[in-house]
Every structure is written in structure tokens, then in C-alpha cells.
Amino acid sequence: MTRAPYSPHTGDHSRRSETRLFIGIGTVVNIATVLTGSVLGVLIGHRLSQRTRDLVTDALGLVTLLIAITSALTVGDHALSDAVGDSAPVLIVLGAMLIGGITGSLLRIEQRLEGLGAWMQHRFSRGDGESTFVEGFVSASMVFCVGPLTFLGALSDGLGRGADQLFLKSVLDGFASIAFAASLGWGVAASAIVVLVVQGLMTAVGAVLGDVLPEAHVTALGATGGVLLIGVALRLLKLKQIAVADLLPALIVAPLLVQLLIVIRR
């Protein structure tokens, strides 16, 4: 089917431009929901018993695990297998995780992120001794910034195609920040800085480079992000303290491996 040419009077693009506000609105709304949810979480947190707060964190970990598995299973999508072959998708995710993990470990991303959280705790906390500021900051930053919606939504916003995906993510992050802050405190609010940096950067990339990721590359990125989210879920459930931040470069490596295999197969 041939797509009708774009008309400035009747085309789809004109309708979208009428409803679009400005590039970056998705990240602005996302930051607002994280901050609002964090304040609400802290305000009601002291009214909850430690057992209840732990249960809230466990519930959030289970839901994160569900979302993570759903995202990771996209590794079987036809868009990816058609581009790189039936046996390659899982190997691409594996390779991305290994290369990304080694790179992140050498760059000490997790250590630097925890260091930033510790500095912020020292700068802004009131010396409550057993503060969970760092854990709240790191865990919330990972949950809010690792998922496929972070990168895909920010790219879409930067390309001028609307921020619908980031609006959806904002709602999810708002509820998640309430649960996080009720258990982990003000460190969750500080994660809004990471949201600003990561999503702002991806929005800028989308605005400058245009739509550079074909469907197969996006699928690989999403599946890899799902595997990283499994690591976040394991941390929330206190099963394994995986250095998820050190694995973040895998999100860059995955699309690059897809492109490499596409070139080799030609």
C-alpha cells in the first residue's frame, strides 16, 4: 500500500503538531511526577510500619520483575530475527551484556553513581544515622532510567513525534516513587536529577540525529533493557545486589551489534 503524500492542510503531521507542546515536555512531566510522588511517599512513610514498608518495596520488586520479563521476551520478535538470523538475538543480548558490563566496570559507573548519592546524602540529609538515601537514589534512578520507555520515549519526543510514551512512563514513575519514597526516603526525589540528565540527553540525540534506529535495533535495545531491569528487581527483592549501573553501556552495545551482524550478512 502506497502512503499518501503529506499535505500541510490535511496531513497527519499537522494534527500532531497541533497537539504537541514543545520538545522535552515528556521529561519535564516525568520529573514533576517523580518529585510529587516522592513528597507524598515521604509524608505517609512515617505512618507505615517497617514491615509494611518492606512489603511495599517487595511488591514494587515483583512488578518490576514482571515488566522486565515482558521486555526481555521481545528478543524473540520477528523484526530482530529477520535482520540478524534466528539464532543471533539471544547472542546479541549476551554479547551486549558482557561487553557493556566490562566497559561499565572499567568506568566504575555504579561506584560513581553511589558516590554521587553519598555526596548528596552528606550535603542534604540531617544526619539520621541509618539513612537509606543512597539506596533510594540508586534503585530509583535505575528503575526510572533503565526501561525501554526511557530511551524510546525520549527519542520520540526529540524527533518531534510526541511525548505519549513519556507521559505513560511519568504515570508509572509517579506511583513507583510513592512506593519507593515511603520505604527509602528522600533519595528517591534526588533521582529526578538522573531522569533529567538521561532523558534530556536522549531527547537531544533524537532532535539532532533524527530517527536513526530501525525496528530491529530498537528491539535489541528493549530486550537488553529488560534483562537489566531483572537485575533491578533482584536488588529490590534483596536477592542479589547486582551492579546494574555498570551494565548500562549494554544499551549502547546492543544496537551496534545488530548493525554489525546486518553488515556481515549482506
Heavy-atom closest contact (Gly226 atom, Ser71 atom, distance): CA-CB, 3.6 Å
Any donor-acceptor N/O pair, Asp157 side chain to Gly24 backbone, under 3.5 Å: yes
Short side-chain to backbone donor-acceptor contact, Ser170 and Asn30, under 3.5 Å: yes
Trp186 and Val42: CA distance, side-chain angles, deciding distance, side-chain contact (heavy atoms from CB on, under 4.5 Å) verdict: CA-CA 7 Å; Trp186 286 112; Val42 170; 3.7 Å; yes
Ser177 and Thr33, any side-chain heavy atoms less than 4.5 Å apart: no
Joint hydrophobic cluster, Leu239 plus Ile242, side-chain heavy atoms closer than 4.5 Å: yes
Side-chain heavy-atom pair Ile69, Leu65 within 4.5 angstrom cut-off: yes
Atom CZ of Phe175 with >12 non-hydrogen neighbours under 6.0 angstrom: no
Cluster link Leu91 to Ile102, ILVMFWY, side chain under 4.5 Å: no
Closest contact, heavy atoms only, Val75 versus Leu80: O-CD2, 4.0 Å
Shared hydrophobic cluster, Val258 / Ile99 (ILVMFWY, side-chain heavy atoms < 4.5 Å): yes
Distance-minimising heavy-atom pair for Ala163 and Ile25: CB-CG2, 4.0 Å
Shortest non-hydrogen separation from Leu261 to Ala88 and the atoms involved: CD1-CB, 3.8 Å
Worked verdict on Phe180 versus Leu236 for side-chain contact (heavy atoms from CB on, under 4.5 Å): CA-CA 10 Å; Phe180 265 127; Leu236 291 174; 3.3 Å; yes
pair Ile178-Ile44: side-chain heavy atoms closer than 4.5 Å: yes
Rounded distance [0.5 Å steps], CG in Leu228 versus CE in Met142: 9.5 Å
Closest heavy-atom pair and its distance - Ala192, Leu35: CB-CD2, 3.9 Å
Any Val253 side-chain heavy atom under 4.5 Å of Thr103 side chain: no
Note, Thr27 side chain near Ile31 side chain (heavy atom, < 4.5 Å): yes
Rounded distance [0.5 Å steps], CD in Gln241 versus CD in Glu110: 8.5 Å
side-chain contact (heavy atoms from CB on, under 4.5 Å) between Phe137 and Val194, intermediate numbers included: CA-CA 9 Å; Phe137 173 69; Val194 182; 3.7 Å; yes
Glu215 atom CD, neighbour heavy-atom count above 12 within 6.0 Å: no
Linked, directly or transitively: Met97 and Leu256 (ILVMFWY side chains, under 4.5 Å): no
Expected output: side-chain Gln199 to main-chain Ala154 donor-acceptor under 3.5 Å: no
From CA spacing to verdict: side-chain contact (heavy atoms from CB on, under 4.5 Å), Val138, Phe133: CA-CA 9 Å; Val138 174; Phe133 191 99; over 6 Å; no
Atom pair CG (Leu229) and OG1 (Thr224), whose distance is rounded to the nearest 0.5 Å: 11.5 Å
Point-to-point distance, once rounded to the nearest 0.5 Å, from CG of Asp173 to OG1 of Thr150: 7.0 Å
Smallest separation among heavy atoms of Val244 and Arg235, with atom names: CG2-CD, 4.0 Å
Spacing of CD belonging to Gln259 relative to CD1 belonging to Ile264, to within rounding of 0.5 Å: 10.5 Å
Beyond-backbone contact of Val195 with Cys145, side-chain heavy atoms, under 4.5 angstrom: yes
Within one Ile-Leu-Val-Met-Phe-Trp-Tyr cluster: Ile252 and Val205, side-chain cutoff 4.5 Å: no
Between OG1 on residue Thr219 and CG on residue Asp77, distance to nearest 0.5 Å: 5.0 Å
Main-chain N/O of Ile109 paired with Asp246 side-chain donor or acceptor, under 3.5 Å: yes
Residues, nucleotides or ligands: over 12 heavy atoms within 6.0 Å of Arg265 CZ: yes
